[in-house]
J.: 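If you scroll down you'll find the structure; I have some questions about it.
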Protein chains: 2
Amino acid sequence: MAKTPSIRPAVRRAPKTAVPARAGRKPGGPRQSKASEAAPYHHGDLHDALLKAAENVLERDGLGGLTLRAVAREAGVSHAAPTHHFGDLTGLVSELAAIGFRQFNVAMAAAGAIDAPPLMRAMARAKAYVAYAQAHPGMYGLMFRTERLDMTRPSLHEAATASFNGLAGAVGVSLQQQGDEEALSLEHAAAIAKAWSLVHGFTTLLLDGRLNDILRRLPKGNTVETLLDAMLRSTVSRPPGT
Amino acid sequence: MAKTPSIRPAVRRAPKTAVPARAGRKPGGPRQSKASEAAPYHHGDLHDALLKAAENVLERDGLGGLTLRAVAREAGVSHAAPTHHFGDLTGLVSELAAIGFRQFNVAMAAAGAIDAPPLMRAMARAKAYVAYAQAHPGMYGLMFRTERLDMTRPSLHEAATASFNGLAGAVGVSLQQQGDEEALSLEHAAAIAKAWSLVHGFTTLLLDGRLNDILRRLPKGNTVETLLDAMLRSTVSRPPGT
DNA sequence: GCAAAATCTTTACAGTGTCAATATCGAGGC
DNA sequence: GCCTCGATATTGACACTGTAAAGATTTTGC
């Protein structure tokens with residue numbers, strides 16, 4: 001948030017000898033040159049450790065608690081350590097979102113692999129979509145919190161694109177993996193946008209609590225799942241041109 | 001963000017005499033006891049002025065720039081002045097979101113008032129929905145940024161509920177204005193959820209830039225409007241039970 | 001073996017929300 | 001008229017935040 005950096009005079013400190021206790025280090029942690037419990041100056045695998053820590057913080061404290069310093073604390077390193085690995089908060093958060101997209105893609109691939117008629121498979125996919133978001137609400141929120149992300153980061157862009165291609169495939173539109181500029185008919189585009197809008201809209205409204213009123217007023221025995229089911233049933237989702 | 005408030009000793013200052021220049025005050029501003037240009041200690045209508053300022057900041061700097069202090073600066077008052085009127089940032093932001101919902105409701109009512117067959121009217125409403133969000137992206141984002149809102153605030157709850165009721169009416173389900181616990185059949189609920197999910201999902205994906213790839217690959221001459229049109233055309237949106 | 005690069009810590013600074021104390025003004029009461 | 005009292009606004013402080021610079025330490029390349 002520092003908008004106007006300024007030059008400051010150098011400061012000289014006495015070299016300190018006491019080793020500060022480093023919190024949160026796993027007992028069988030990775031790569032320790034010395035056998036003692038003293039935390040080494042170099043972590044050895046801080047990049048991945050920070051991402052793990054960030055995921056923990058996100059699940060525990062939500063998006064609002066996901067700060068650089070909180071992640072550093074969780075990982076047991078100084079608050080400025082993440083900078084070297086991710087540049088800034090956007091960098092860390094973007095890499096975390098990439099992990100989220102990869103998790104999501106795995107879940108969707110599993111749901112799409114079932115052997116069932118196309119219409120059943122489409123519903124299974126939609127349910128898997130919502131289920132992932134319900135299981136990882138913070139992560140899903142992060143994946144679509146565009147202002148905190150740098151979508152040009154290769155890892156994030158790749159994972160998000162794969163997710164999009166998977167969605168297009170589920171609607172019956174197969175896209176080249178690398179053909180970023182492949183043409184798209186209006187009907188195909190509409191089919192993709194419709195499916196995505198429907199399931200993403202339902203998910204965000206659900207996570208934001210905007211469907212609570214509807215859910216509460218539903219006949220007894222109904223849940224989010226039955227509502228989603230009824231919603232999808234009324235949507236004939238066959239590929240365009242058939 | 002102060003988590004642990006602490007008691008501090010009192011500080012005594014010399015009374016200052018110089019009047020600091022108050023920025024951003026309109027020339028023909030409201031309620032001035034003196035004819036001079038000096039800003040009076042009491043603003044007179046700070047509550048509304050802060051909301052206006054907040055709207056300006058939101059449109060100019062987006063959601064990220066919408067801070068208490070930025071709003072106070074915009075209104076030309078001290079950084080702590082908003083506290084008295086809104087309690088905290090959530091309070092101010094929630095009142096602003098209520099204004100957004102009211103603006104939105106006006107726009108939707110206008111779109112629903114046209115004389116046309118039901119299907120045409122449904123499409124006109126959907127277009128008006130997206131158009132509002134495109135015209136006020138910051139505001140629309142704020143209205144659904146649940147973690148920054150206090151939905152129990154009467155003004156916000158009321159405006160948001162009215163918006164929801166309007167949506168239900170557009171889908172052919174009429175709800176009592178005050179009947180918060182009125183039962184809802186699964187089919188009716190699904191119709192509401194489907195329409196809302198579709199249009200809200202499309203809107204958020206669009207504002208978040210997630211549809212850029214699709215839009216770029218569309219045949220020449222197509223825009224967001226034609227895509228939305230094609231999407232809605234493929235959705236038979238008649239009220240359930242018919 | 002040693003210089004350079006990579007990694008991590010420390011310190012500093014601007015900006016944020018919120019609270020407490022103070023200052024100023026407006027409206028009633030006498 | 002004056003005077004208190006409550007409402008309104010300012011000032012100051014504190015605990016946070018992200019980020020930058022500089023120093024400390026370790027690893028790596030040659």
Side-chain angles (χ1 to χ4, degrees), chain A residues 1-22 25 31-34 38-47 49-50 61 64-73 75-93 148, chain B residues 1-22 25 31-34 38-47 49-50 61 64-73 75-93 148:
Chain A
M1 301 227 176
K3 304 285 177 57
T4 55
S6 56
I7 306 104
R8 288 167 297 98
V11 176
R12 185 154 299 274
R13 289 170 291 107
K16 70 178 302 184
T17 52
V19 177
R22 182 167 291 178
R25 184 64 63 84
R31 230 217 92 265
Q32 226 87 341
S33 53
K34 302 173 187 171
Y41 197 96
H42 283 37
H43 183 284
D45 191 25
L46 190 52
H47 187 275
L50 284 170
D61 305 326
L66 187 60
T67 69
L68 260 186
R69 291 169 109 107
V71 171
R73 275 194 299 271
V77 294
S78 78
H79 66 266
T83 299
H84 186 79
H85 293 278
F86 300 98
D88 58 358
L89 178 60
T90 299
L92 171 60
V93 154
R148 297 192 62 172
Chain B
M1 301 225 176
K3 303 286 175 57
T4 54
S6 57
I7 307 105
R8 287 167 299 97
V11 175
R12 185 155 299 274
R13 288 171 292 105
K16 70 177 301 183
T17 53
V19 177
R22 182 166 292 179
R25 185 62 66 86
R31 231 219 88 266
Q32 225 88 337
S33 54
K34 302 172 185 170
Y41 196 97
H42 284 42
H43 182 286
D45 190 27
L46 190 50
H47 187 274
L50 284 170
D61 305 328
L66 186 60
T67 70
L68 262 185
R69 292 168 109 106
V71 171
R73 276 193 299 271
V77 294
S78 75
H79 66 264
T83 299
H84 187 80
H85 294 276
F86 301 98
D88 57 0
L89 178 59
T90 299
L92 171 60
V93 154
R148 296 192 64 172

J.: With heavy-atom distances below 4.5 Å as the criterion, would you say the side chains of Thr67(B) and Leu89(B) are in contact?
T.: no

J.: Under 4.5 Å between any side-chain heavy atoms of Val77(A) and Leu46(A), yes or no?
T.: yes

J.: What is the distance from CZ of Arg69(A) to P of dC8(C), rounded to the nearest Å?
T.: 17 Å

J.: Provide, to the nearest angstrom, the distance between the CG atom belonging to Leu50(B) and the C1' atom belonging to dT8(D).
T.: 12 Å

J.: Could you check how far CZ of Phe86(B) sits from P of dT18(C), rounded to whole Å?
T.: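 Spelled out: CZ on Phe86(B) to P on dT18(C) is 13 Å.
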
J.: Is there a side-chain contact between Leu92(B) and Leu68(B), using heavy atoms and a 4.5 Å cut-off?
T.: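 The answer is yes; the side chains approach within 4.5 Å.
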
J.: Between Leu50(A) and His85(A), is any pair of side-chain heavy atoms under 4.5 Å apart?
T.: yes

J.: Just the rounded figure in Å: distance from P of dA9(D) to CG of Leu46(B).
T.: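 About 5 Å, once rounded to whole Å.
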
J.: Measure the distance from CG on Leu68(B) to C1' on dT10(D) and round it to the nearest whole Å.
T.: 15 Å

J.: Using five pairs at either end of the helix from dG1(C)-dC30(D) to dC30(C)-dG1(D), determine the angle between the two local helix axes and round it to 10 degrees.
T.: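 Computed angle between terminal axes is 10°.
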
J.: With heavy atoms under 4.0 Å as the rule, sort His79(A) into base, sugar-phosphate or nothing.
T.: base

J.: Of all the heavy-atom pairs spanning Ser78(A) and Ala72(A), show the shortest one and how long it is.
T.: O-CB, 3.4 Å

J.: Just the rounded figure in Å: distance from C1' of dG17(C) to CG of Leu66(B).
T.: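 It is 13 Å, rounded to the nearest whole Å.
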
J.: Does Ser78(A) place a side-chain N or O at less than 4.0 Å from the phosphate oxygens OP1/OP2 of dC8(C)?
T.: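 So the side-chain polar atoms of Ser78(A) never come under 4.0 Å of the phosphate oxygens OP1 or OP2 of dC8(C).
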
J.: Measure the distance from CZ on Arg148(B) to P on dG17(C) and round it to the nearest whole Å.
T.: 8 Å

J.: Can you check side-chain contact (heavy atoms from CB on, under 4.5 Å) on Asp88(B) and Thr83(B), steps first, answer last?
T.: CA-CA 6 Å; Asp88(B) 57 0; Thr83(B) 299; over 6 Å; no

J.: State whether Arg73(A) places a side-chain N or O below 4.0 Å from either non-bridging phosphate oxygen (OP1 or OP2) of dT17(D).
T.: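 Answer yes for this pair, as a side-chain N or O of Arg73(A) is under 4.0 Å from OP1 or OP2.
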
J.: Distance check needed: dT18(C) P versus Leu92(B) CG, whole Å only.
T.: 10 Å

J.: Among dT7(C), dG18(D), dA21(D), which is the nearest nucleotide to the side chain of Leu89(A)?
T.: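 Of the options given, the side chain of Leu89(A) lies nearest dG18(D).
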
J.: Does His84(A) place a side-chain N or O at less than 4.0 Å from the phosphate oxygens OP1/OP2 of dT9(C)?
T.: no

J.: Looking at residues at least two apart in the chain, or sitting in another chain, which of them share a ring pair (Phe, Tyr, Trp, His ring centres under 6.0 Å) with His84(B)?
T.: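 If we apply the ring pair (Phe, Tyr, Trp, His ring centres under 6.0 Å) test to His84(B), skipping adjacent residues, there are no hits.
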
